[in-house]
Amino acid sequence: MTTVYEQPLRYLKNFYTNDFNSWINNSPNWVPEGWDNAAAIGVVNLARLSEEHSILPLALLACTTLGEEVAKGFTREDGSQEKLTPEDLGLCFAAQAEIRKASLTILLRTLTYAPQCKESGPCRAALNNALVGLRDCVDDIIDGDPFSSYLVYLEDGKIGVCSACKAALKSLNWEERVKMWKTLPEIMGVDVPDWAPEARDVQ
């Protein structure tokens, strides 16, 4: 790969990281700030061209959020079209259902936690209310980042459980999100040997 790609590739490898902590702490969007979301298509193509496979899982995941635009591609400034290859387009379509299933699984496993505290009744009721509340944000769950904390889907980002249950939920949700992160290349249909350095500390 010629040096013309070296700097953008370093930037993209930092953004579309293989490190879970870096992604959840530094990446609120699917593409770098100021970029059109469809630019993820070009990122996938550059990753293929440069054989920088560590970029692919998140870049392909970003493409699954584009709706019909993922098939149409986008027009570059020079007027040429940027599209995914038929193979990568197929990977995106195949992964969509699995990503959504995994996102819902993480939330359900978190919110069906069985309280272990002394006064478990109120905590169990709060968890049930949180589960019921998910019906109002199904679209956000389906289209959102599957690695977000469960709290982003709750009213005011809070849940009315005791401190012990809150800590247990935080730990459980973290473990489920890390587990999914480790399987992301498999879900997206790509092979990335150095994926997922060990995640650090519950966030």
Side-chain angles (χ1 to χ4, degrees), residues 1-104 106 136-149 152-153 177 180-197:
M1 184 57 55
T2 60
T3 56
V4 69
Y5 292 110
E6 289 179 2
Q7 185 172 350
L9 281 171
R10 280 198 299 271
Y11 178 76
L12 291 173
K13 287 179 71 174
N14 183 62
F15 186 88
Y16 293 102
T17 177
N18 66 346
D19 181 78
F20 180 61
N21 295 77
S22 296
W23 176 252
I24 63 170
N25 289 329
N26 301 321
S27 303
N29 302 306
W30 289 115
V31 295
E33 186 175 356
W35 292 26
D36 188 88
N37 286 336
I41 293 170
V43 174
V44 169
N45 290 338
L46 180 57
R48 291 293 192 190
L49 180 65
S50 62
E51 298 184 347
E52 290 288 356
H53 293 165
S54 67
I55 296 172
L56 286 170
L58 281 173
L60 285 166
L61 177 59
C63 288
T64 68
T65 70
L66 295 175
E68 64 181 22
E69 196 172 12
V70 72
K72 293 180 179 179
F74 69 94
T75 304
R76 302 192 195 97
E77 292 183 358
D78 63 3
S80 59
Q81 285 294 114
E82 183 87 29
K83 292 185 176 183
L84 290 177
T85 65
E87 293 77 14
D88 281 331
L89 187 59
L91 291 179
C92 289
F93 288 147
Q96 280 182 323
E98 292 304 312
I99 291 293
R100 290 168 177 173
K101 187 190 304 180
S103 298
L104 288 170
I106 290 172
D136 297 325
C137 53
V138 171
D139 288 343
D140 291 335
I141 296 169
I142 288 175
D143 296 330
D145 185 344
F147 302 110
S148 295
S149 165
V152 303
Y153 302 111
R177 289 151 65 203
M180 182 186 172
W181 179 269
K182 290 181 177 180
T183 63
L184 184 61
E186 180 181 351
I187 293 173
M188 301 311 304
V190 293
D191 182 29
V192 184
D194 298 324
W195 184 256

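In what follows, residues are counted from 1 in the order of the sequence shown.
Distance check: Ser103 OG to Glu98 CD gives 11.0 Å after rounding to the nearest 0.5 Å. The CG atom of Asp88 sits 8.0 Å away from the SG atom of Cys63 when rounded to the nearest 0.5 Å. Put simply, OG on Ser148 and CD1 on Ile106 are 9.5 Å apart, with the number rounded to the nearest 0.5 Å. With values rounded to the nearest 0.5 angstrom, Lys13 atom NZ is found 13.0 Å from Asp19 atom CG.
Shown here for Met180 and Pro146, the closest heavy-atom pair between the two residues is CE-CB, 3.6 Å. The nearest pair of heavy atoms linking Phe93 to Val70 is CE2-CG1, 4.1 Å. Gly144 and Trp30 get closest at one heavy-atom pair: O-CZ2, 3.9 Å. Contact record, Phe74 with Gly42: CE2-N, 4.0 Å, taken as the closest heavy-atom pair. When all heavy atoms of Val31 and Ala40 are compared, the pair lying nearest together is CG1-N, 4.0 Å.
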Throw together a table of side-chain donor-acceptor distances under 3.5 angstrom for residues 184-191, partners on residues two or more places apart or in other chains.
none

Worksheet item: For Trp35 and Val43, what are the C-alpha separation, side-chain angles and deciding distance, and is it a side chain to side chain contact (heavy atoms under 4.5 Å, CB included)?
Response: CA-CA 11 Å; Trp35 292 26; Val43 174; 4.0 Å; yes
Fill in: Trace of the side chain to side chain contact (heavy atoms under 4.5 Å, CB included) decision for Arg48 with Thr85
CA-CA 10 Å; Arg48 291 293 192 190; Thr85 65; 5.9 Å; no
Practice prompt. Check the pair Asp143 / Thr65 against side chain to side chain contact (heavy atoms under 4.5 Å, CB included), numbers first and verdict last.
Written response: CA-CA 6 Å; Asp143 296 330; Thr65 70; over 6 Å; no
Item to complete: Test Phe15 against Leu58 for side chain to side chain contact (heavy atoms under 4.5 Å, CB included), laying out the working first.
Response: CA-CA 9 Å; Phe15 186 88; Leu58 281 173; over 6 Å; no
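Between the side chain of Gln96 and the main chain of Thr64, a donor-acceptor pair closer than 3.5 Å is present. When atom types are taken as modelled, the side chain of Thr17 and the backbone of Asn14 share no donor-acceptor pair closer than 3.5 angstrom. Using modelled atom types, one side-chain atom of Asn18 and one backbone atom of Asp194 make a donor-acceptor pair closer than 3.5 Å. Put simply, the side chain of Asp145 gets close to the backbone of Phe147: a donor and an acceptor are under 3.5 Å apart.
Residues satisfying the salt bridge (charged side-chain N to carboxylate O under 4.0 Å, His left out) test with Glu69, not counting sequence neighbours, are none. Scanning for side-chain contact (heavy atoms from CB on, under 4.5 Å) contacts around Ile142 gives Arg100, Val138, with sequence neighbours left out. For Lys83, the salt bridge (charged side-chain N to carboxylate O under 4.0 Å, His left out) test picks out no residue, with sequence neighbours left out. Taking Glu68 as the reference, Lys72 meet the salt bridge (charged side-chain N to carboxylate O under 4.0 Å, His left out) condition, with sequence neighbours excluded. Contacts of Gln81 classified as side chain to side chain donor-acceptor pair (under 3.5 Å), with partners at least two apart in sequence or in another chain: Thr75.
In this structure, the ring of Trp195 has its center less than 6.0 angstrom from the ring center of Trp181.
Side chains of Ile41 and Leu66 form a contact here, defined as non-hydrogen atoms less than 4.5 Å apart. Put simply, the side chain of Glu52 does not reach to within 4.5 Å of the side chain of Leu46, judged on heavy atoms.
Judged purely by distance below 3.5 Å, without hydrogens or angles, the side chains of Ser80 and Asp78 pair a donor atom with an acceptor atom.
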